[in-house]
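Residue numbers begin at 1 in each chain, while the letters A, B, ... track the order of the sequences.
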2 protein chains.
Amino acid sequence: MREGLGGESLLFLTDEQLRQGIEAMFFAYRGFTADPDRILSDLSYGRAHHRAVHFINRAPGTTVNNLLAILGVTKQSLNRVLRTLIEDGLVESRVGTEDRRERHLHLTDAGRALEARLSDAQRARMRAAYRDAGPEAVAGFKQVLEAMMDADMRRAYGKLREKG
Amino acid sequence: MREGLGGESLLFLTDEQLRQGIEAMFFAYRGFTADPDRILSDLSYGRAHHRAVHFINRAPGTTVNNLLAILGVTKQSLNRVLRTLIEDGLVESRVGTEDRRERHLHLTDAGRALEARLSDAQRARMRAAYRDAGPEAVAGFKQVLEAMMDADMRRAYGKLREKG
DNA sequence: CTTGGAGTGTCAACAAGGCTGACGTATTAT
DNA sequence: ATAATACGTCAGCCTTGTTGACACTCCAAG
């Protein structure tokens, strides 16, 4: 099996290398969420609100069930977040026309404004990291992350990429 | 500024590319924590316990303050986790010899066993992802993650790498 | 037209794991 | 002596996750 790779070095698969990757993920994820978290705490929102707003912006008109699957939480959990966002006028819930049981979610202008604010903060850090690392590193970064996802999340991710 | 990079393509810095990276981080982090989370929930432990055990294993004899800085939580939060780990005989807290105010943390045999179990699960996924992506991708992956960290976390990460 | 099931919303209760603030107690440093 | 440090702990609050139960609307199949 190792020989099947044509004798190339497999040193990048040592436990120590893997552990470094694990720790890198941990520390990097903290940085990844730090900037939006600061903005959110001023508004007494949390990460769950950010995630909802992000994916509603990404796929306007998405149904609650759809969002549930992407976010991987229970409807009760999502509903609590969604309710505050609707009350605060950031999200609009429209009864479906084809299937009137469904609620289609859209951002209001205020919602889009918040999304942009959060996105900008998060993208600024990503942009700096991407620029520091360069295009080849970025390609590798995405490749590893995609391989790390659960199969169903990889599918969801793929669908979102198509839309982009 | 763009010209300063020698005219190379900067398409990897578009907002759409950045957004894909953001979503990749989100989905990948879920996969990253999924396997240990399953093990932990059977033991009525959480991610916080995993993190503590991981870093105590990584830097045996570390002090509480040290761990606090690495984990980025309050001492009250850490203490709650640490207390259960000590009660359950997974972690040992030894009074410092030089400075007797300090408590030095060590894993017991049982603690090491749990750490290994969690590590193995997490590493298995990382190893699969690394192997799928290949060594060049892994190098890029780490480069981007490191660039994404806060400065102080990058320092902490560097220190841990030296030890490894 | 009735009935089952899907999609949704909501109530209640609970737990993990963050947070702040305050206080106590060794121990060390000044 | 006094101040600062390291740690533990109590109390209380928040977000965000969980289960379980129940009701409502609406679609589709019988």
Side-chain angles (χ1 to χ4, degrees), chain A residues 26 29-30 33-34 36-56 61-88 91-106, chain B residues 26 29-30 33-34 36-56 61-88 91-106:
Chain A
F26 172 67
Y29 199 78
R30 282 247 296 280
T33 55
D37 279 359
R38 264 187 291 273
I39 295 172
L40 289 159
S41 76
D42 289 345
L43 305 169
S44 68
Y45 285 150
R47 242 175 246 181
H49 299 84
H50 182 188
R51 293 196 281 258
V53 164
H54 175 98
F55 285 109
I56 293 172
T62 187
T63 64
V64 173
N65 244 352
N66 219 305
L67 201 51
L68 239 39
I70 288 176
L71 295 177
V73 297
T74 58
K75 65 177 176 179
Q76 293 89 334
S77 212
L78 175 59
N79 198 253
R80 185 169 32 200
V81 165
L82 231 36
R83 192 176 3 173
T84 70
L85 290 173
I86 292 171
E87 278 170 7
D88 295 352
V91 168
E92 205 184 337
S93 170
R94 299 183 196 154
V95 173
T97 48
E98 268 189 26
D99 184 338
R100 293 172 52 190
R101 289 168 304 181
E102 296 180 342
R103 301 299 135 86
H104 297 268
L105 304 169
H106 298 264
Chain B
F26 172 67
Y29 198 79
R30 282 247 297 280
T33 55
D37 278 359
R38 264 187 291 273
I39 295 172
L40 288 159
S41 76
D42 289 344
L43 305 169
S44 70
Y45 285 149
R47 242 175 247 180
H49 299 84
H50 182 189
R51 292 195 281 259
V53 163
H54 175 99
F55 284 108
I56 293 171
T62 187
T63 64
V64 173
N65 246 349
N66 219 303
L67 199 51
L68 240 40
I70 287 176
L71 295 177
V73 296
T74 59
K75 66 176 176 178
Q76 293 92 328
S77 216
L78 175 58
N79 198 253
R80 186 169 32 196
V81 166
L82 230 36
R83 192 169 30 196
T84 71
L85 290 173
I86 291 170
E87 278 170 7
D88 295 352
V91 168
E92 205 184 337
S93 171
R94 299 182 197 155
V95 173
T97 50
E98 269 188 25
D99 187 335
R100 293 176 50 190
R101 287 170 304 182
E102 297 180 339
R103 299 300 133 87
H104 297 269
L105 303 169
H106 298 264

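Taking atom CZ of B:Arg80 as the reference point, atom C1' of D:dC7 lies 16 Å away to the nearest angstrom. Rounded to whole Å, the distance from CG on A:Leu68 to P on D:dT19 is 12 Å. Distance B:Asp99 CG to D:dA4 P: 17 Å, rounded to the nearest Å. Here D:dT25 presents its P atom at 10 Å from CZ of A:Arg103, a figure rounded to the nearest Å. Atom-to-atom, CD of A:Glu87 to C1' of C:dT10 comes out at 13 Å; the value is rounded to the nearest Å. Rounded to a whole Å, the CD1 atom of B:Ile86 is 13 Å from the C1' atom of D:dT9. If you take CG of A:Leu82 and P of C:dT8, they are 11 Å apart, rounded to a whole angstrom. As rounded to whole Å, 13 Å separates atom C1' of D:dC7 from atom CG of B:Leu67.
Within 4.0 Å of B:Arg83, counting heavy atoms only, lie sugar-phosphate atoms of the nucleic acid but no base atom. Within 4.0 Å (heavy atoms only), A:His49 reaches sugar-phosphate atoms of the nucleic acid but no base atom.
For C:dA6, neither phosphate oxygen OP1 nor OP2 lies less than 4.0 angstrom from any side-chain nitrogen or oxygen of A:Asn65. Between B:Arg101 and D:dC7 there is no side-chain N or O to OP1 or OP2 distance below 4.0 Å. Considering only side-chain N and O atoms, A:Thr74 lies nowhere under 4.0 angstrom from the phosphate OP1 or OP2 of D:dG17. At least one side-chain nitrogen or oxygen of A:Arg51 sits closer than 4.0 Å to the OP1 or OP2 atom of D:dG17.
Around CD of A:Glu87, the count of heavy atoms belonging to other residues, nucleotides or ligands within 6.0 Å exceeds 12.
A:Arg103 CZ to A:Asn65 CG: the interatomic distance, rounded to the nearest 0.5 Å, is 12.0 Å. Between the CG atom in B:Leu85 and the OH atom in B:Tyr45 there is a gap of 5.5 Å [rounded to 0.5 Å]. Rounding to the nearest 0.5 Å gives a distance of 5.5 Å between CZ of B:Phe26 and CG of A:Leu71. Going from atom CZ of A:Arg94 over to atom NE2 of A:His104 covers 10.0 Å, rounded to the nearest 0.5 Å.
Of the candidates C:dG18, C:dG9, C:dT10, C:dG9 carries the atom nearest the A:Val64 side chain, counting heavy atoms from C-beta on. Checked against D:dA11, C:dT27, C:dG17, the side chain of B:Ser77 finds its nearest nucleotide in C:dG17.
No N or O donor and acceptor, one from the side chain of A:Lys75 and one from the base of C:dG7, sit under 3.5 Å apart. On a pure distance criterion of 3.5 Å, no polar donor-acceptor pair joins the side chain of B:Gln76 and the base of D:dG12.
Where A:Arg100 and A:Arg47 each meet DNA chain D at their nearest nucleotide, the meeting point lying more 5' is that of A:Arg47.
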